[in-house]
Amino acid sequence: DIFEEVYDIRVAAYLPKPWPEPYHAVLEKLGTTPDRCIMIEDSRENLQTAKRLGMGTVLVGTGETPEYVDVHLDNARQIHSGLAFWNQAS
């Protein structure tokens, strides 16, 4: 029970990422701002858009870590420990 809610493409009227509109739709649905959100993704391109909007970013998967990724995890089982990054930063 780490997440209060999870959103999919339906909340953005089926507009796909990495276009910014889906991100804005989720932010509006949550009633929050990008600086209060963390995007967890396996797509570097999607995370780049999230970072441009001001979100924290977590990349899940192998390969290089771009500069716009805050935390890079090998697999989703590490999510809990990856989120600790923001506890340490505050």
*asked:* On a heavy-atom basis, which atom in P16 and which in P22 lie closest, and how many Å separate them?
replied: O-CG, 3.5 Å

*asked:* With rounding to the nearest 0.5 angstrom, report the OH to CE distance, Y23 to M39.
replied: 4.0 Å

*Considering non-hydrogen atoms only, spot the tightest contact between A76 and V60 and give its length.*
N-CG1, 3.5 Å

_Residue among I40, V58, I38, L59 satisfying side chain to side chain contact (heavy atoms under 4.5 Å, CB included) with V71_ = V58

*In Å and rounded to the nearest 0.5 Å, what is the CG to CZ distance from D8 to R10?*
4.0 Å

*Under the 3.5 angstrom rule, does the side chain of T32 hit a backbone N or O of C37 as a donor-acceptor pair?*
no

*Would L47 and R44 count as a side chain to side chain contact (heavy atoms under 4.5 Å, CB included) if you check the C-alpha gap in whole Å, the side-chain angles of each, and the deciding distance to 0.1 Å?*
CA-CA 5 Å; L47 287 174; R44 287 163 179 78; 5.7 Å; no

*asked:* Within this structure, what is the OG1-CG distance for the pair T65 and L73, rounded to the nearest 0.5 Å?
replied: 9.5 Å

_Between L27 and P34, is there a side-chain heavy-atom distance shorter than 4.5 Å?_
yes

*Determine whether I79 and F85 fall in the same hydrophobic cluster, where Ile, Leu, Val, Met, Phe, Trp and Tyr are linked whenever their side-chain heavy atoms lie under 4.5 Å apart.*
yes

_Just verifying a value: how many Å separate D70 CG and K51 NZ, rounded to the nearest 0.5 Å?_
3.0 Å

_How close do T49 and P20 get, counting heavy atoms only, and between which atoms?_
CG2-CA, 4.1 Å

*Considering residues, nucleotides and ligands other than Q78, do more than 12 of their heavy atoms fall under 6.0 Å from its CD?*
yes

